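Predicted, not measured: the structure shown is a model, and the values here were computed from it. Proteins get letters first, then strands, A, B, ... in listed order; numbering begins at 1 in each. Values below: every heavy atom of this structure, side chains too, minus hydrogens, waters and symmetry copies.
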There are 2 protein chains.
Amino acid sequence: MITIGQLAAYAGVTIKAVRHYHKLGLLEEPSRDSSGYRRYTAEHAIHLLKIKTLAEAGVPLGRVKELLAADPDQVAAAMAEIDRSLEMRVRELRRTRQRIARLSGGDRLFVSAEVADYLDDLRELGVSERGVRLERDGWILLQSVSPKNAAVWIAEKRVAIGDPEFRALYLEYDSAYDWSPDDPRLPALAERAQRWLVKRPDRVEGGPPLRDPALVQLVSSSTGSRSPAWDRLAEIGREQRS
Amino acid sequence: MITIGQLAAYAGVTIKAVRHYHKLGLLEEPSRDSSGYRRYTAEHAIHLLKIKTLAEAGVPLGRVKELLAADPDQVAAAMAEIDRSLEMRVRELRRTRQRIARLSGGDRLFVSAEVADYLDDLRELGVSERGVRLERDGWILLQSVSPKNAAVWIAEKRVAIGDPEFRALYLEYDSAYDWSPDDPRLPALAERAQRWLVKRPDRVEGGPPLRDPALVQLVSSSTGSRSPAWDRLAEIGREQRS
DNA sequence: CTTGACATTGACCCAAGGTCAGGGTTCGAA
DNA sequence: TTCGAACCCTGACCTTGGGTCAATGTCAAG
């Protein structure tokens with residue numbers, strides 16, 4: 001006849017856990033000795049080890065109770081299922097490990113692979129880090145507002161980036177961020193952008209009716225990172241279209 | 001500017017979780033719009049994804065908070081540590097899987113490998129299943145009362161089982177379980193056992209002073225599975241020694 | 001103008017125990 | 001035999017990471 005402390009040590013659980021299992025009706029309350037101490041037998045030890053093994057596998061205590069009362073056939077089936085879920089958890093943990101490894105790295109954690117590729121293209125093109133970050137933040141917002149539209153638009157963008165005129169425009173817009181709103185180059189840039197928008201390659205089939213300027217506006221207005229020159233460019237654009 | 005619902009959907013967490021993170025000071029409270037709704041930016045989305053990734057890896061939210069405030073060097077070090085603990089959890093899960101697989105199987109889950117081997121020896125010797133179970137339960141109790149002594153004693157037992165006289169005695173004790181306490185064979189059996197105990201091979205070095213009868217008593221008295229004949233055998237033994 | 005989806009705060013609930021308080025018991029050593 | 005250490009008892013509250021419910025406010029579309 002062993003005490004609760006010895007039982008707990010044998011099974012590798014705490015005394016508190018043993019009493020918890022009693023309260024849940026998982027482990028039979030043993031008889032008490034003359035001073036009211038619980039006195040356990042080997043049966044209890046075996047039972048407790050079963051409970052512990054199942055609990056360690058992540059089986060909720062409620063189910064552990066069922067399982068221990070069920071007949072062997074059911075137990076075997078449940079074991080197989082538990083094993084499958086355990087395997088899944090192992091796979092998930094491994095995936096998380098990879099993401100953790102990349103956390104301190106690039107943008108691929110925050111945007112879809114397509115967008116990340118596009119951002120890489122921009123970096124290669126020579127766009128400033130600030131510009132790339134602005135784009136990235138725009139896509140994050142876009143993906144959260146409308147993942148479907150974002151997928152269509154990124155496809156369009158990846159086509160556009162193949163156009164030398166678009167690339168040139170993008171770079172100029174990028175550097176225009178720091179210009180004064182009175183800079184004489186702004187009207188010409190706005191007009192050139194407008195021309196490109198009108199005669200640009202056909203849009204992807206089934207694309208939404210929303211125009212790029214809306215995206216630009218969303219991005220620039222939302223991230224809080226807008227520049228006087230860009231505001232002026234948008235203004236000129238509106239004037240030209242009206 | 002996105003709403004809490006859009007932010008939560010983007011990061012793959014619930015709205016409740018986002019507010020929970022605010023309460024814990026994990027995620028900065030964004031500004032509210034005119035109607036008091038929270039309005040988030042891409043920065044929040046990125047921050048939230050970081051939190052989610054770390055939380056999924058099992059990092060407590062308290063530590064997540066520290067990590068996000070720490071400088072990159074510390075973060076990198078912490079990541080490495082988290083990765084290690086993740087790896088350990090994967091290994092543990094694999095071990096648990098194996099134990100789960102063996103749960104419905106033999107005794108190896110309940111006793112040490114040495115004891116399990118010893119029990120297998122007994123089975124091979126022809127000891128009854130009841131007898132093996134009694135031994136097993138005795139070892140479980142013993143291991144819980146005093147793992148150190150149990151280890152020494154099992155070593156002794158595994159030496160003794162090599163002795164033909166011990167094997168013969170064990171088998172006779174095993175069958176004596178069912179005898180009447182008045183059976184005429186009992187005194188002879190008790191005497192034979194006594195002789196073996198006296199002249200048996202030298203005990204393992206550093207062994208404790210406790211004698212085997214104490215073990216027998218513990219086992220038989222504790223499992224609740226005692227037999228009249230065994231009680232009588234113990235009594236005769238005490239008489240002989242006095 | 002209503003309806004349905006979404007937002008707000010606050011309060012309570014869950015597993016699986018941990019911790020603390022305020023006692024009683026047992027055992028070995030002095 | 002008496003002391004201290006190490007056990008044991010119950011009961012009540014604390015923890016983490018949220019879920020659920022309630023009562024109320026707001027938004028956008030038909």
Nucleic acid contacts - residues 6-18 of chain A versus DNA chain D, non-hydrogen atoms under 4.0 Å
Ile15(A), Lys16(A)
Contacts to DNA chain C from residues 24-36 of chain A, heavy-atom cutoff under 4.0 Å, which residues?
Ser35(A)
List in numerical order all residues of residues 45-53 of chain B for which some heavy atom is under 4.0 Å away from an atom belonging to DNA chain C.
none
Between which nucleotides of DNA chain D, 5' to 3', does chain A make heavy-atom contacts below 4.0 Å?
dC7(D) to dA12(D)
Hey, does the side chain of Gln6(B) reach the backbone of Thr3(B) with a donor-acceptor pair shorter than 3.5 angstrom?
yes
Under 3.5 Å, is there a donor-acceptor pair between the side chain of Trp230(B) and the main chain of Tyr173(B)?
yes
Using whole Å, what does the distance between atom [atom2] of nucleotide [N] and atom [atom1] of [X] come to?
X        : N       : atom1 : atom2 : answer
Arg39(A) : dT25(C) : CZ    : P     : 13 Å
Arg19(B) : dA11(C) : CZ    : C1'   : 14 Å
His22(A) : dG17(C) : NE2   : C1'   : 15 Å

Considering residues at least two apart in sequence or located in another chain, which fulfil the side chain to side chain contact (heavy atoms under 4.5 Å, CB included) criterion with Lys50(A)?
Ile46(A), Leu68(A), Leu103(B), Phe110(B)
Check this for me, if you would: do Lys157(B) and Glu114(B) make a salt bridge, where the nitrogen-to-carboxylate-oxygen distance has to be below 4.0 angstrom?
no
Glu235(A)/Arg232(A) ion pair, N-O < 4.0 Å:
yes
Measure the acute angle between the ring planes of Tyr40(B) and His22(B), then classify it against the limits of 30° and 60° as parallel, tilted or perpendicular.
parallel
Short side-chain N/O contact from Arg38(B) to OP1 or OP2 of dA7(C), under 4.0 Å
no
For Lys65(A), does the NZ atom sit with more than 12 other heavy atoms under 6.0 Å from it, leaving out its own atoms?
no
Which nucleotide sits closest to the side chain of Tyr37(A): dG24(C), dT8(C), dG17(C)?
dG24(C)
As a quick check of understanding, evaluate side-chain contact (heavy atoms from CB on, under 4.5 Å) for Asp117(B) and Arg108(B), giving each step before the final call.
CA-CA 9 Å; Asp117(B) 287 346; Arg108(B) 301 199 108 79; 2.4 Å; yes
Contacts satisfying salt bridge (charged side-chain N to carboxylate O under 4.0 Å, His left out) that involve residues 20-32 of chain A (not counting sequence neighbours) are Glu29(A)-Arg32(A), Glu29(A)-Arg38(A)
Look at the side chain of Tyr21(A) and the base of dG17(C), then say whether one donor and one acceptor between them are separated by less than 3.5 Å.
no
